[in-house]
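Report on one structure; see the data block that follows.
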Amino acid sequence: MNGWQTLFYKELLRFWKVAFQTVVAPIVTSMLYLLIFGHVLEGRLQVYGHLSYTAFLVPGLVMMSMLQNSFANSSSSLVQSKIMGNLVFVQLTPLSHWAWFTAYVGSSVVRGLVVGLGVFIVTLLYANPGFVAPLWSLVFALLGAGLLASLGVIAGLWADKFDHMATFQNFIIVPMTFLSGVFYSIDTLPPFWQAVSQLNPFFYMVDGFRYGFFGVSDISPWASLAVVGLAWLLISGLTLHLLRIGYKIRN
């Protein structure tokens, strides 16, 4: 293996060695959301005029799990390495910023997809949402996981301790994922809150991903693709720049 492949493999092993925490636990959490919200609201709400609420909920939970775990993987890896002091061993290698980016973001995308697939398989016990346009779901899954993995690298570079990381996650990532239409369609909101929701880039990831399941969504999937694609390019570019200049890791 060459440099980036070795670092990529090391990052895969890092989360797989504790798969019960990094993979199984998020799947259980999503199942609890499905059981609670599905039990309370099933039969009381119909979405898009014909969908059961439980079926509607499945894609949102899958995407939410992918986003949160992609972010958590890259950010926790960097913060942990900085605190334990073993990041210097990676810095000593002649790896370019592209190699760092590929390894950390790539491994985080893998974790996000593994968790998302696990959530989807388990939720099939309760609902079968089907796939109308699976390519759309795949595109938004890759873009969303890549975007959050890149954002996790930025957060990991910025944070000096786990408290900083918790602040970033609790006040930015978690609220934006919960308010992205995972548990509801924005068509049910008043006009003002619909406009506010459309300022949240996470909404476009969830809505575009859900379109692949049902063939319907709150807004055009092409508009969602444009927003998510542009956000991915901007965040990835910023991540590469910070890695190139060695932001907070070269002093």
Side-chain angles (χ1 to χ4, degrees), residues 21-23 25-42 44-45 47-48 51-76 108 111-113 115-116 118-120 122-123 126-127 129 137 140-141 143-152 154-155 164-214 217-219 224 227-228 231-232 235:
Q21 297 175 344
T22 57
V23 177
I27 294 175
V28 173
T29 300
S30 296
M31 282 303 305
L32 291 175
Y33 284 130
L34 183 67
L35 290 174
I36 294 171
F37 284 92
H39 175 73
V40 172
L41 297 177
E42 181 65 34
R44 301 185 182 184
L45 291 177
V47 190
Y48 304 140
L51 288 178
S52 69
Y53 181 75
T54 303
F56 170 84
L57 191 59
V58 169
L61 290 177
V62 172
M63 178 55 90
M64 183 178 74
S65 301
M66 285 192 291
L67 298 181
Q68 291 182 345
N69 283 274
S70 296
F71 175 85
N73 193 74
S74 54
S75 59
S76 63
S108 300
R111 175 178 165 182
L113 294 178
V115 172
V119 172
F120 176 70
V122 175
T123 53
Y126 300 91
S137 293
F140 278 100
L143 284 176
L147 174 58
L148 267 293
S150 300
L151 193 60
I154 295 175
H164 294 164
M165 195 69 266
T167 300
F168 199 101
Q169 188 156 8
N170 292 334
F171 290 96
I172 298 178
I173 302 302
V174 172
M176 291 183 74
T177 51
F178 273 84
L179 298 176
S180 61
V182 171
F183 300 100
Y184 55 86
S185 169
I186 66 168
D187 284 342
T188 62
L189 300 177
F192 172 77
W193 291 110
Q194 289 187 31
V196 171
S197 296
Q198 293 183 26
L199 298 177
N200 181 1
F202 287 34
F203 158 72
Y204 298 94
M205 303 179 207
V206 174
D207 198 55
F209 183 73
R210 187 175 276 133
Y211 177 84
F213 284 79
F214 308 121
S217 56
D218 290 323
I219 64 171
S224 295
V227 172
V228 176
W232 175 77
I235 297 298

Check whether any side-chain heavy atom of [X] sits under 4.5 Å from a side-chain heavy atom of [Y], and report yes or no.
X      : Y      : result
Ser180 : Met64  : no
Ser224 : Phe140 : yes
Ile219 : Phe203 : yes
Leu151 : Phe168 : yes
Pro59  : Phe214 : yes

>> Whether the Asp218 and Ser185 side chains hold a donor-acceptor pair (N or O, under 3.5 Å, no angle test) is what I'd like checked.
In response: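 A pair is found: one side chain offers a donor N or O, the other an acceptor, under 3.5 Å apart.
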>> Check for me whether the distance between the ring centres of Phe56 and Phe213 falls short of 6.0 Å.
In response: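 Ring centroids of Phe56 and Phe213 are no less than 6.0 Å from each other.
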Closest approach of [X] to [Y] (non-hydrogen atoms, all atoms of both residues):
X      : Y      : answer
Val206 : Gly60  : CG1-CA, 4.2 Å
Met205 : Leu148 : CE-CD2, 4.0 Å
Ile173 : Phe202 : O-CE2, 4.0 Å
Leu179 : Asn200 : O-ND2, 3.4 Å
Leu189 : Gln194 : O-NE2, 2.8 Å
Leu147 : Trp232 : N-CD1, 3.7 Å

Side chain [X], main chain [Y], donor-acceptor under 3.5 Å:
X      : Y      : result
Tyr53  : Phe183 : yes
Ser217 : Asp207 : no
Arg210 : Gly181 : yes
Ser197 : Ile186 : no

> Who are the side-chain contact (heavy atoms from CB on, under 4.5 Å) partners of Val227, not counting sequence neighbours?
Replying inline: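 Testing Val227 for side-chain contact (heavy atoms from CB on, under 4.5 Å), a comparison that skips the adjacent residues, returns Tyr204.
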> If you round to the nearest 0.5 Å, how far is CD1 of Ile27 from OG1 of Thr22?
Replying inline: 9.5 Å
Less than 3.5 Å apart, which donor and acceptor atoms pair up between the side chains of residues 65-73 and the rest of the protein, not counting sequence neighbours?
unit_1, atom_1, unit_2, atom_2, d
Ser65, OG, Ser30, OG, 2.6
Ser65, OG, Leu61, O, 2.9
Gln68, NE2, Thr177, OG1, 3.2
Asn69, OD1, Arg111, NH2, 3.1
Asn69, ND2, Ser65, O, 2.8
Ser70, OG, Met66, O, 2.8
Ser70, OG, Ser108, O, 3.4
Asn73, OD1, Arg14, NH2, 3.3
Asn73, OD1, Arg111, NH1, 3.4
Asn73, ND2, Ser108, OG, 3.1

>> Set out, in order, the CA-CA distance, both residues' side-chain angles and the distance that settles side-chain contact (heavy atoms from CB on, under 4.5 Å) for Tyr126 and Leu35, then state yes or no.
In response: CA-CA 9 Å; Tyr126 300 91; Leu35 290 174; 3.5 Å; yes
